[in-house]
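One structure below.
In the text below, chain A, chain B and the rest are named by the order of the sequence lines, each starting its count at 1.
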Amino acid sequence: MPLAELQKLITDSKALAINLEGNLLDLSALKDINPESTIGLIQPPSKEALEIYRHSTSHVLAHAVKELFPDARFAIGPATEEGFYYDIDMSHTLTPEDLLEIEKKMSQLIKKNSPFIRKTMGKGDALELFNSKGESYKVEILQEIQDAEVTVYEEDGFVDLCRGPHLPRTGMIKAFKLLSIAGAYWRGDEKNKMLQRIYGTAFFTKDELKAHLDFLEEIKKRDHRRLAKELDLFSINEDIGSGLILWHPAGATIRRTIEDFWRQEHERANYSILYTPHIARLNLWQTSGHLDFYRENMYSPMDIDNVSYELKPMNCPFHISIYKSSLKSYRQLPIRYAELGTVYRYERSGVLHGLMRVRGFTQDDAHIFCSEDQLDNEILNLLDFTLFILSTFGFSSYDIYLSTRPEKYVGSLDNWEKATEALKKAIELKGLPYKIDPGEGVFYGPKIDIKIKDSLNRSWQCSTIQVDFNLPDRFDVTYRGKDGKEHRPIMIHRALMGSLERFFGVLIEHYKGAFPLWLSPIQVIVLTISEKVSDFAKAVYANIRQSGIRVEINEENEKIGFKIREATLKKIPYQVIIGEKESLEGKITLRSRKGDNLGYMNVDELIEMLKKQINDKV
RNA sequence: GCCGAGAUAGCACAGUGGUAGUGCAGCCGAUUCGUAAUCGGCAGGUCGUGGGUUCGAAUCCCAUUCUCGGCUCCA
């Protein structure tokens with residue numbers, strides 16, 4: 001294609017950059033390339049275009065900061081999935097007000113519409129340039145670059161080390177916003193200096209930016225910590241300690257409902273349900289190896305009659321002890337032990353987050369002891385079981401990861417191979433998409449992790465299925481085979497919801513506090529229009545309560561509109577309204593929390609309908 | 001843990017050296033009402049905790065606990 005024609009196409013298409021055989025280049029590179037070569041256009045709204053756009057915005061950010069705070073030195077400033085950031089080292093500590101000033105300065109620089117000018121220079125020259133500017137972080141980066149030549153970008157006199165590509169001009173930035181300031185270690189390593197990070201985002205249009213900011217607002221409204229306060233679900237108390245959860249009546253009701261469901265399904269799936277203690281002698285953790293490889297997550301031991309005891313960070317050794325309490329025959333396998341086991345793990349104070357990351361939590365843990373030839377089938381069933389449980393709670397899309405053998409490992413290569421194959425086969429048989437995390441398995445065996453994405457777009461690991469070649473050896477776990485000899489069983493650890501705390505947190509955000517009927521702490525509320533109908537309303541209430549449905553009554557001296565508002569804010573799924581008409585005819589009027597009028601009916605009809613819905617878990 | 005911000009009534013927040021405030025929730029009273037807020041009154045706080053500066057501290061300083069944002073994205 002002739003150059004001129006291409007130029008026109010680029011102008012028409014609003015392309016920001018070009019793709020030359022897989023290399024992204026500035027539009028200005030066009031004049032130097034072979035007209036015969038195949039060129040792709042990078043244009044909005046593609047991901048690549050947005051990345052370039054945001055990256056350029058981060059350069060403008062750096063420029064603005066430099067103008068306002070001349071002693072600022074710059075580290076890295078990349079585009080991210082949600083926007084961009086720049087890490088900066090400077091004497092002034094940034095405040096939210098500074099962000100407004102910086103935004104203003106950025107707008108001025110954008111208004112100037114300066115071109116981004118790409119320059120190639122020898123590494124030595126670049127080192128000299130950034131050294132003279134005192135840009136020690138850029139110098140450090142440069143020193144690690146192997147190439148003899150590097151590129152820098154200049155815009156209105158501000159020079160930054162950068163591979164590019166960039167927008168042709170700053171004026172093309174139409175919508176951006178600085179969002180927050182945070183600390184971040186240089187190169188993410190806590191041994192390094194902490195820099196100030198400015199987060200921002202940018203979009204091609206103001207409308208898109210607004211939509212994104214609205215989305216962030218919606219995310220805040222969905223925050224499980226906020227909803228938990230509004231709905232009185234749980235709390236964390238300073239006097240009790242951080243990362244320790246107090247389950248309030250409403251939250252506890254939901255938890256109990258989840259637990260009941262869990263128990264029922266596990267019994268149906270041939271698990272034996274156990275209870276084990278919360279502490280154990282230090283020796284146990286020595287045998288299990290946790291003291292060697294898990295110590296930093298364990299609390300200090302406590303002394304009981306001169307013997308050290310440790311709060312349990314895991315349930316596995318207890319289950320193994322139960323297994324070993326009697327001789328096991330191959331006829332008994334597979335043995336499936338399950339427990340809602342409460343464990344305590346040390347988490348650094350800065351990473352604690354509501355229910356999502358806590359220090360004491362209850363795992364829906366289980367350990368399966370099986371023979372080699374049972375492994376495939378066990379894993380397949382397990383995956384089925386996991387997906388069934390997750391989908392019952394309304395989660396239908398997951399990120400599945402298969403983690404394979406790391407460099408440091410125990411167990412035979414042969415066993416690793418078999419187990420990894422079994423995991424892989426199970427996922428593929430179910431036709432599920434998955435990614436392989438090479439070398440990310442635990443040292444004791446390969447695993448499948450299933451992650452649920454929450455509304456804050458964080459991935460939370462819930463389910464995990466791990467094969468373990470370590471503990472059976474360490475604890476000398478055996479079974480008597482058909483041949484009368486001792487054999488080593490294969491052990492599978494698994495948790496479906498992960499922890500009840502985190503799972504509950506994800507559920508709250510998933511449903512925005514409006515739980516499905518079967519989980520709702522209050523399933524129905526009876527509302528009276530006037531005190532004249534109290535007697536009938538009480539009878540209706542008692543009738544529903546007798547049927548085992550979680551019902552409340554509000555016969556206060558308030559207007560019906562007020563009562564409906566209150567019930568709706570509590571996100572109670574069904575509201576039974578009783579006025580004179582109902583009282584006289586012995587019927588009820590039903591309303592949903594969404595505001596739908598669900599009709600006029602007998603109490604028996606209502607109970608039957610609710611029971612069916614609760615049973616179906618819809 | 002580290003950087004930064006914060007902690008005031010049950011909840012949401014205002015108050016920046018001189019008598020602790022507003023709204024909602026709560027309690028009492030009036031109203032007896034038909035699908036998201038009826039009206040009036042009352043009560044509620046040693047301002048996270050400990051120490052200091054000051055005639056005087058919610059406010060300034062130090063310590064401490066807890067909470068929040070972030071600490072993977074590689075010129």
Side-chain angles (χ1 to χ4, degrees), chain A residues 51 55 58-59 62 74-87 89 93-96 98 123 126 130 135 137-145 147 150-153 159-164 179-199 220 223 225-226 229-230 232 235-244 296 346-354 459 527-534 555-570 575-582 589-598:
Chain A
E51 205 174 307
H55 187 192
S58 87
H59 273 239
F74 298 95
I76 57 169
T80 65
E81 258 175 57
E82 303 259 293
F84 60 87
Y85 67 80
Y86 220 118
D87 283 349
D89 188 8
T93 302
L94 289 164
T95 65
D98 291 330
K123 191 176 151 185
F130 286 102
E135 289 286 358
Y137 298 98
K138 297 293 179 190
V139 168
E140 209 181 311
I141 292 162
L142 265 168
Q143 278 162 348
E144 282 176 20
I145 296 176
D147 311 339
V150 299
T151 57
V152 301
Y153 278 79
V159 184
D160 198 353
L161 177 68
C162 187
R163 184 164 42 204
L179 298 171
S180 62
I181 310 155
Y185 297 104
W186 166 232
R187 293 178 183 271
D189 187 335
E190 64 184 47
K191 288 187 202 90
N192 291 335
K193 182 165 185 185
M194 182 154 274
L195 310 173
Q196 301 191 64
R197 175 173 295 181
I198 299 178
Y199 279 97
K220 268 191 206 156
D223 190 312
R225 295 163 302 181
R226 176 180 172 149
K229 216 175 256 181
E230 283 170 21
D232 200 12
S235 64
I236 298 169
N237 184 292
E238 187 177 336
D239 291 330
I240 286 160
S242 63
L244 303 171
E296 58 186 34
Y346 173 73
E347 295 287 353
R348 303 203 297 174
S349 64
V351 304
L352 297 173
H353 179 94
S459 261
L527 308 176
T528 54
I529 287 175
S530 83
E531 284 175 354
K532 288 181 216 154
V533 298
S534 262
E555 43 175 340
E556 277 173 26
N557 177 9
E558 289 289 352
K559 285 189 165 179
I560 190 68
F562 180 80
K563 294 184 188 181
I564 285 172
R565 180 181 151 80
E566 271 197 321
T568 306
L569 288 175
K570 282 192 204 156
Q575 300 158 5
V576 167
I577 293 166
I578 292 178
E580 280 190 79
K581 179 169 149 69
E582 287 81 0
T589 298
L590 192 64
R591 183 188 194 275
S592 80
R593 64 185 156 199
K594 288 187 213 138
D596 303 322
N597 183 345
L598 301 176

Considering every strand and a 4.0 Å limit on heavy-atom distances, what is the contact class for A:E580: base, sugar-phosphate, or nothing? base
At less than 4.0 Å, is any side-chain N or O atom of A:R591 found next to OP1 or OP2 of B:rA36? Yes or no. yes
Counting only distance, no hydrogens or angles, is the base of B:rG1 paired donor-acceptor with the side chain of A:E296 under 3.5 Å? no
Quick one: label A:V152 by what it contacts on the DNA or RNA (base, sugar-phosphate, nothing), any heavy atom closer than 4.0 Å. nothing
Distance check: side-chain N/O of A:H353 vs OP1/OP2 of B:rG69, anything under 4.0 Å? yes
Any base atoms under 4.0 Å from A:G83, or only sugar-phosphate, or nothing? Heavy atoms, all strands. nothing
Describe the nucleic acid contact of A:I577 in one word from base, sugar-phosphate, nothing, applying a heavy-atom distance below 4.0 Å. base
Is the shortest side-chain N/O distance from A:R197 to OP1 or OP2 of B:rU72 below 4.0 Å? no
Out of B:rG70, B:rA12, B:rC73, minimum distance to the side chain of A:A182 belongs to B:rG70
If only side-chain N and O atoms of A:S180 are considered, is one of them under 4.0 Å from the OP1 or OP2 phosphate oxygen of B:rG69? no
With distance as the sole criterion, do the side chain of A:Y185 and the base of B:rG1 form a donor-acceptor contact below 3.5 Å? yes
Ignoring backbone atoms, test whether A:K563 places a side-chain nitrogen or oxygen under 4.0 Å from the OP1 or OP2 oxygen of B:rC33. no
A:L179 CG to B:rC68 P: how many Å, rounded? 20 Å
Is there a side-chain polar atom (N or O) of A:R348 under 4.0 Å from OP1 or OP2 of B:rC2? no
